[in-house]
Amino acid sequence: KIVNGGTSNVWVIKNLANDKYYKKLEEHNHKLDAEREEATTFNSQERAISKASILHAELSTLGLGINFKVEEVNLNE
């Protein structure tokens, strides 16, 4: 997505339990402690929120009450 005069912004999912980020590894394999630079990026806020909601629900069934926050990142930073 190009906004603000040509800067490129994406969204990432932050794990609030450890201040790290979500990274998709395989179909059902995820890393929840990635650095921001290696985090999976989403091209829309809606897709990132949807994935964060799914992650929260999946982990809640395992008894893990991990909360996530969707953050906008400027790729030019």
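This chain uses plain numbering: 1 for the first residue, then up along the sequence.
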#### Entry: Transitive ILVMFWY side-chain link Leu59 to Ile54, under 4.5 Å
no
### Message
Count I, L, V, M, F, W, Y as connected when their side-chain heavy atoms are under 4.5 Å apart, and connections chain through other members. Are Val12 and Leu25 then in the same cluster?
### Response
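Each belongs to a different hydrophobic cluster.
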To the nearest 0.5 angstrom, please state how far the [atom1] atom of [X] sits from the [atom2] atom of [Y].
X     : Y     : atom1 : atom2 : value
Leu16 : Lys69 : CG    : NZ    : 7.0 Å
Lys14 : Lys20 : NZ    : NZ    : 10.0 Å
Lys23 : Asn29 : NZ    : CG    : 11.0 Å
Ser60 : Leu55 : OG    : CG    : 10.5 Å

### Task
Would you mind telling me which of Lys24, His30, His56 makes a side-chain contact (heavy atoms from CB on, under 4.5 Å) with Lys51?
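Exactly one option meets the side-chain contact (heavy atoms from CB on, under 4.5 Å) with Lys51, and it is His30.
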### Message
Using side-chain heavy atoms (C-beta onward) and a distance below 4.5 Å, is Leu32 in contact with Phe68?
### Response
yes
### Residue that, paired with Tyr21, satisfies side chain to side chain donor-acceptor pair (under 3.5 Å) out of Lys31, Glu71, Glu35
Glu71
### Query
Under the side-chain contact (heavy atoms from CB on, under 4.5 Å) criterion, do Phe42 and Ile13 qualify, and how do the steps go?
CA-CA 9 Å; Phe42 298 86; Ile13 299 172; 3.7 Å; yes
